[in-house]
Structures are given as C-alpha cells and as structure tokens.
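Below, read A as the first sequence line, B as the second, and so on, with proteins coming before strands; counting in each chain starts at 1.
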Amino acid sequence: MSGAIRRHSTRNAERDAWLGSIAATGLPRDLAVLVANVCRQARLWPSERDEVARELCDHFSTGLSRGETSETLVLAFGDPRRAARMITREKRGQRPLAWRWGPTLVWGAGSAVVCAALMWGGAAWALAAREQPRWAYVPADTRRSASLRTHSEGAWEVYRRALIAMGTGHETHVEPPVPTAPPLPRSHFRETIAGSTEWPIVRARVEKMQPLIAEFRRAAAMPSLGVLQRPLVDVEFWAAMWGDEARALDWAASILHATASDTPAKRGWDFTDFGTPVHGLMIVSPWLMADARVAAEQGDIQRTLANLTAISQLGAQLHAETQIFPRSRAAAVWLDALRVARELLAGADDRWTDKDLESLQAIVEGLGGGARLRFSVALTRSAVRESLGSAFSPHPYDDGLATDAVWQFLSRLPTLPYTQKGPPQGSVYSIASLWQTLNLRQSEVHAAIMSRQDEMNAWSNEWPAVRGEAPAAWTSVDATGVVVPLPQVIVNVITGSDLYPVFTRWADRATAERDGVVVGIAVERFRRANGRWPNTLDELPASLLGTAPRDPMTGRPMNYEVVNSMPRVWTTVSESFSALLSPELLTTPAKVSAVEWTLWSGSAAEK
Amino acid sequence: MAKIETELLRGAAPLAVLKLLERRAMYGYEMVEELAARTSGVLSLGQSTLYPLLYNLEAKGLVESFWEEADSGRERKYYRLTGAGKKRLAVDTKQWAALAGALAGLGVGARFAYALGLAPADGGAR
C-alpha cells in the first residue's frame with residue numbers, strides 16, 4: 001500500500017517538475033503565469049514540459065535583466081495558446097519515430113479491422129440473409145407434396161431415424177468403422193459375396209448394424225416419399241443429418257436463391273428429380289444385399305427372403321415415384337436383387353425348403369414389376385435430353401471436330417462392348433458433355449448431318465432391330481428434305497435416345513436374365529422333388545412354372561438343355577449382336593460361345 | 001517599419017535563424033534581440049514563434065541544443081548549427097539570393113535583400 005502511494009507520489013512529482021522549475025526562477029507573477037499557461041496547454045511529456053518551462057523562464061529572466069518590463073515581455077511573447085499549440089506540434093516532431101507513427105499505425109490497423117469486419121459482416125449478411133423470392137417454391141412444393149401424401153405415410157421417418165441413429169458423417173453412416181478391419185468402399189457391400197476375402201469384414205459390419213437394417217426393411221414396405229420435390233427432400237435429409245431443421249431450411253433457401261435467381265423455370269428446373277430418396281436407397285440397398293447373404297449363410301432363410309423382398313420393393317418405389325433419371329437407380333436396385341438371387345440359388349442347400357425356393361421364385365419374377373424392364377430406355381432418353389438441352393447456340397469452337405466425334409460415336413455404337421460401367425452409357429454422357437462443351441453451332445451441325453444422311457441410312461439398314469424403329473424425325477429429313485427442328489433430330493438420331501436402347505437391348509437383356517433365373521429356380525425345385533433334372537422345360541408342372549417364359553432376345557421359348565448332368569438355361573443371339581452382350585454388366589453367367597448366352601447354370605446346384 | 005506578411009515571414013524566418021547561428025551558438029532571447037537589431041525590426045519574430053521554430057529546426061536535425069550555465073548562474077539553452085544545418089543554410093542562401101537578386105533586378109526589395117546580406121547595397125542595379 002505504502003509502495004503504491006510512494007509510486008503515485010513519485011509519478012506526481014515527475015509530472016509537476018516543470019512547476020517547480022518556474023517557481024525556482026522567481027519570475028514575476030504575470031510572467032510565471034504566462035509560462036505556466038503555455039506549458040500546461042502544451043500536451044507534452046513531463047520532461048518536455050519541464051524543458052520548455054526552463055527555457056521560457058530563462059528567456060523572460062534574460063529580458064528582465066535587460067531592463068524590459070513584465071508587461072513588455074508578455075506583450076512581445078504573443079498569444080500563449082498559439083505558442084502552446086505550436087510548441088506541442090514541434091516538440092512531438094522530435095519524439096521517436098515509433099511514437100510519432102505508432103498512433104497512426106494503430107488507427108490504421110484499427111480502421112482496417114473495422115473495415116474488414118464490416119465487409120465480412122456484410123458478406124455474411126448478404127449470404128445468410130433469407131431473401132424473399134418472387135416465388136417461394138420451397139413452401140409451395142412442400143404444400144403440394146403434402147397434399148399428395150402426408151408425411152407420416154412415407155418411409156422417410158424411418159430413414160430419418162436410421163440416419164440419425166448412424167451418427168454424423170455421411171460415409172461413416174454407410175460403413176461404420178470396424179476396429180480390426182480396413183475401410184471398405186460402399187460398392188463392396190454390393191459385390192462382396194460369401195466366402196470371399198473381404199466377406200468377414202462385411203459380415204461383421206452387417207451383424208453390428210442389424211437394428212438399422214431391420215429399420216430399412218420396414219421402410220422398404222412403405223411408400224418412400226410420395227411425390228416430393230428435391231429441395232424439400234434435401235431439407236429433410238439435412239435436417240436429419242444436422243438435427244436442426246431450421247438450419248436445413250436456411251441452407252436450402254440459400255442454395256435455391258443462389259442458384260435460381262428468379263424462378264426455377266428460368267433455370268429450367270422442374271424439380272422432378274429426386275436426389276435424396278435415391279441416395280437413401282443407395283445406402284439401403286447394399287445393406288440389404290449384404291444382410292441377405294449373411295442371413296443365408298446363417299441359415300436364416302426367412303431373413304434372406306425378407307431382404308430380397310425389401311430390395312424389390314425399394315426398386316418399385318423408385319420406379320413408381322421418381323421421374324426420368326432415377327429410374328436407372330430403380331433398375332440398379334432390381335438388378336441388385338437379381339444378382340443376390342442368382343448367388344443364393346447357386347448356393348441353396350437343404351436349409352432351403354421348397355417353400356423358400358417358391359418364395360424366391362416369386363420375388364425374382366416380380367422384379368421390374370413383372371413387366372419388361374424399361375428403365376434403361378428411360379435412363380438413356382432422359383439423360384441425353386437433359387444433357388443436350390442447352391447445346392444449341394452459336395459458339396466459336398470447332399464444330400467439325402465435334403461433329404466428327406459424334407459421328408464416330410454413332411459408327412461405333414453397335415460394336416461398343418459392354419462393361420460394368422458401360423461404354424454405351426459413358427459414351428452417351430461423353431457425347432453429351434462434348435456437345436455442351438463445344439456448344440455446337442446449329443446450322444453447321446445440321447449441314448454435317450445432312451451431308452451424311454445416306455451413310456447413316458445405309459448404316460441403319462444393316463441393323464434389323466433398327467428398321468422400322470428409327471424415329472420419324474430421321475426419316476422425315478431423309479425422305480422429304482424437310483428440315484426438322486434440329487434439336488429433335490439431334491436428340492433422336494445423334495444421341496441415340498431411341499436407337500441406343502434398341503442396339504443395346506438392355507430391357508430385353510434384363511428380362512432374359514430375370515426369366516432365366518425364374519426358370520432355373522423351377523428346374524431346381526423339380527430336381528428336389530424328382531431327384532433328377534427335367535429333360536425339357538415342358539416337364540415342369542404348372543405349380544413350378546406357370547407359363548414358360550419366352551426368350552425376349554429371340555421371341556422363341558427359352559432354351560434349356562442338360563449336358564453331362566449339367567443343366568443350363570440359355571439364349572441365342574446373333575453373332576454380331578453378341579458383341580454387345582458382355583455378361584459382366586448384370587451378373588456373372590458363363591458366356592459359352594459367341595452365339596449362346598447362359599442365363600442360368602445348375603452346376604452349383606448339382607453340387 | 002512595414003509589416004511583413006506572415007507567409008513571407010514564415011519562409012524567411014528559418015533561414016534567418018540558421019544565418020544567425022552560422023557564426024556561433026545562441027540562446028533564444030539573444031536571437032530575438034539579434035534579429036531585431038540586424039533586420040531593423042523587419043524580421044522581429046514573435047517570441048511565441050521563435051521557440052516552435054527552433055524546435056522544428058531541431059527536429060529536422062538542422063540545429064542542436066545544449067544546456068550551459070550562464071553568467072547569471074542559471075541554466076541556459078543554447079542552439080548551434082549542425083552539419084546538415086550548414087548545408088541547408090548554403091542551399092537556402094543561394095535560393096534566396098537568386099530570388100532577392102531577381103526582385104532587386106526589378107527594383108523591388110533591394111533594401112530587404114541588403115538587410116539580409118543577400119544583395120549588394122546598390123540594390124542590384126546594373
């Protein structure tokens with residue numbers, strides 16, 4: 001305490017030293033007051049003030065000693081306030097550089113910080129603020145969706161709970177970490193079969209996630225979302241992910257405002273695309289596939305069949321409820337089920353009763369809704385049309401190059417080999433991207449096509465499947481010379497939205513695969529009942545195979561034969577067409593020759 | 001004595017002070033007296049102006065100060081030219097000489113130039 005007082009007193013003494021200097025000179029009062037006023041008004045450090053006081057005191061003392069009067073000296077000195085101001089300025093000029101510029105730098109830095117804060121704040125406000133759109137489509141869509149199907153009727157609540165149960169982090173949800181196992185890509189859940197190297201990892205995860213998978217099965221039996229719109233679905237999805245609906249709404253609104261400055265129509269958005277349900281089912285389907293395999297391995301056939309049923313239902317939901325593009329996902333889901341069914345049939349042992357096989361047969365028969373699997377056609381047409389929607393406007397790039405590329409693609413289309421990821425599909429996208437990139441000039445492209453129409457017609461005539469199925473737009477250009485609106489020509493002819501599915505015959509392929517497995521199950525059931533393979537399909541009673549399916553590739557009855565006690569169901573394709581039939585796309589049946597395609601083989605069942 | 005415009009005085013005062021200090025160190029009051037005497041009162045600086053001017057020159061490094069005991073026994077602050085101050089004085093003297101000479105050539109300010117020792121007594125007449 002006393003130390004503080006001492007320090008305070010010391011500071012005061014230093015601060016008031018200049019007063020002592022004035023007093024010590026013994027100046028007359030008016031001069032002493034003048035000096036004191038100047039020094040007091042000068043905003044200086046104590047040492048500077050003391051120095052000025054001493055100098056001025058000497059100044060006036062000298063004046064007095066020269067015979068001047070106080071009044072004269074006061075008068076001659078001038079305005080003390082002005083003197084103080086000038087002395088302050090000049091004395092400060094003598095101070096160290098850091099002191100002189102320090103305040104300026106501090107002010108500058110402070111101003112910069114304030115400006116930056118204002119800018120960032122403004123930017124944040126601009127980005128975060130929810131503008132009022134001219135058309136508030138989020139609530140509008142929500143109302144529309146709600147009118148079609150109430151929220152509680154959909155399976156989304158189940159997905160929501162399942163997603164929340166999985167924790168945070170999208171990928172983590174799909175593949176919860178297993179301490180002793182390396183991470184597996186999601187595709188491995190679809191493709192890893194029992195007995196493979198990675199099977200123990202998948203099985204461990206599946207067993208750990210049983211409650212969640214049960215939720216998925218339950219959800220599959222419900223309508224997924226009804227006719228919901230993508231923004232709404234995304235809101236739902238992220239609300240579940242974040243556990244914060246307000247944040248999700250804000251996020252969706254900001255995205256929509258950022259990307260659709262006016263109205264969705266202006267951007268060409270129709271909101272018929274489904275993002276999240278697809279994502280959700282892409283998460284669900286692999287889990288169900290894996291669990292079907294695990295259950296079969298464990299002998300829990302009922303759970304296996306329940307999983308397959310759920311996958312089939314998911315495909316049906318996607319196919320029925322979504323538009324255009326996601327139908328390919330429906331196809332993928334159905335083909336997942338077909339893939340697993342084929343595996344299960346190959347490994348069916350005595351734990352599989354005839355009733356189980358009958359159920360499996362019914363499930364497989366129902367894949368694709370029992371109709372032709374048209375999804376691939378839908379995929380192609382929609383993808384191409386969507387991709388090419390904005391391809392026609394003047395552009396300085398090399399039209400000839402792009403046209404040649406398109407032509408080369410067309411020329412190669414019939415001979416493009418299938419792979420799992422699919423050059424045909426990939427090529428369509430590539431061409432579409434090319435068109436978008438080059439933004440071809442309409443008139444030149446049209447001229448290029450017209451110059452090659454004979455070639456194109458000759459080429460098309462080589463393909464019986466094309467004859468009679470070529471789009472009218474093509475023939476009208478050819479026959480009458482009438483210029484059909486180019487986008488229509490391009491979409492129909494160049495991109496193969498109609499030709500491509502005909503060439504590739506995905507729908508027929510998928511149907512053949514499905515029916516081949518159905519026949520295979522019937523044959524297996526016959527073997528179990530009679531202790532031998534049927535010699536022909538005609539031997540199969542109606543209880544095993546109601547109506548023998550026809551081979552969609554040939555239109556004839558499905559081929560069946562037993563060679564060396566080994567049955568197989570197969571189809572015949574033309575030699576040239578066989579180039580398209582790489583079996584890896586859908587399943588892994590043996591490709592016995594260039595003209596025969598095995599849909600099902602009883603070799604595993606024999607074992 | 002004609003009153004000198006402030007702006008004109010502001011330009012001349014630093015040179016006048018530097019010139020005073022050219023020969024010897026001086027203290028404030030002494031400079032006031034010297035200026036008044038040698039310029040016939042023309043450059044009689046207000047005393048409230050002199051000290052800020054000295055501080056300014058000191059800040060620029062043209063003059064330096066030191067305390068010394070006067071005859072009266074008091075501490076007194078003296079100013080003297082630095083090397084930089086001498087150079088500046090030389091430069092400024094030339095400039096002012098040129099200016100005063102030019103004005104004198106026009107028959108203007110010959111006495112003023114002479115008073116500062118910057119122009120010949122005949123006013124520069126040729």
Side-chain angles (χ1 to χ4, degrees), chain A residues 17-18 20-22 24-27 31 34-35 37-39 41-42 44-45 47-68 70 72-97 99-100, chain B residues 1 3-4 6-7 9-10 13-14 17-18 20-21 25-37 39 41-80 82 84-85:
Chain A
W18 61 279
S21 298
I22 296 172
T25 56
L27 283 174
L31 289 173
L34 173 64
V35 175
N37 282 340
V38 171
C39 292
Q41 291 171 14
L44 298 172
W45 291 339
S47 60
E48 294 170 332
R49 191 171 277 164
D50 183 51
E51 189 177 5
V52 171
R54 286 161 58 202
E55 186 169 23
L56 291 180
C57 286
D58 176 64
H59 174 89
F60 290 123
S61 296
T62 305
L64 290 172
S65 68
R66 303 282 168 84
E68 300 284 352
S70 297
T72 311
L73 289 171
V74 168
L75 200 63
F77 187 79
D79 182 9
R81 188 175 300 171
R82 179 166 172 269
R85 194 165 56 243
M86 294 172 68
I87 288 171
T88 300
R89 188 178 67 211
E90 303 304 340
K91 271 291 181 186
R92 287 184 171 181
Q94 296 178 0
R95 290 178 179 176
L97 202 64
W99 188 93
R100 278 184 283 155
Chain B
M1 182 183 66
K3 182 175 172 59
I4 304 298
T6 305
E7 290 299 320
L9 193 60
R10 185 174 297 162
V17 169
L18 293 176
L20 285 179
L21 297 175
M26 301 176 80
Y27 55 93
Y29 196 89
E30 188 181 12
M31 280 186 263
V32 171
E33 286 181 319
E34 191 81 6
L35 275 175
T39 65
V42 172
L43 285 181
S44 179
L45 288 177
Q47 292 162 20
S48 61
T49 308
L50 175 68
Y51 289 101
L53 173 59
L54 288 169
Y55 300 154
N56 178 270
L57 295 174
E58 192 175 16
K60 291 176 179 172
L62 302 178
V63 302
E64 59 186 2
S65 62
F66 58 96
W67 288 88
E68 201 172 84
E69 192 174 340
D71 297 340
S72 60
R74 287 195 304 273
E75 285 280 307
R76 176 169 286 164
K77 193 177 185 182
Y78 287 86
Y79 295 87
R80 65 186 168 207
T82 63

Between A:D50 and A:W18 the two heavy atoms that sit nearest each other are OD1-CA, 3.3 Å

Ranked by heavy-atom pairs below 4.5 Å to chain A, first place among B:K77, B:E75, B:E30 goes to B:K77

Please determine, among A:R92, A:R89, A:E51, the option with the most heavy-atom pairs under 4.5 Å with chain B.
-> A:E51

B:R76 portion near chain A, given a 4.5 angstrom heavy-atom threshold = both

Measure distances from A:V52 to the heavy atoms of chain B and classify the residue's part below 4.5 Å as side chain, backbone, both or neither.
-> both

Residue from B:L57, B:V32, B:L54, B:N56 scoring the most non-hydrogen pairs under 4.5 Å with chain A is B:N56

If you look at every heavy atom in A:E48 and A:K91, which pair is closest and at what distance?
-> OE2-O, 4.0 Å

Choice from A:G93, A:G63, A:C57, A:P80 maximising heavy atom contacts with chain B below 4.5 Å = A:G63

Are A:I22 and A:L56 close enough, and set up right, to give a side chain to side chain contact (heavy atoms under 4.5 Å, CB included), and what steps lead you there?
-> CA-CA 9 Å; A:I22 296 172; A:L56 291 180; over 6 Å; no

Per-residue tally against chain B (heavy atom, under 4.5 Å) across A:H59, A:R95, A:R54, A:M86 peaks at A:H59

Find the one option among B:A70, B:A59, B:P52 whose heavy-atom pairs under 4.5 Å with chain A are most numerous.
-> B:P52

Measure across A:E68 and A:L64 and return the closest heavy-atom pair with its distance rounded to 0.1 Å.
-> O-CD2, 3.4 Å

For A:T62 and A:S65 the tightest heavy-atom approach is O-OG, 2.6 Å

Strictly under 6.0 Å, is that where the ring centroids of A:F60 and B:Y29 end up?
-> no

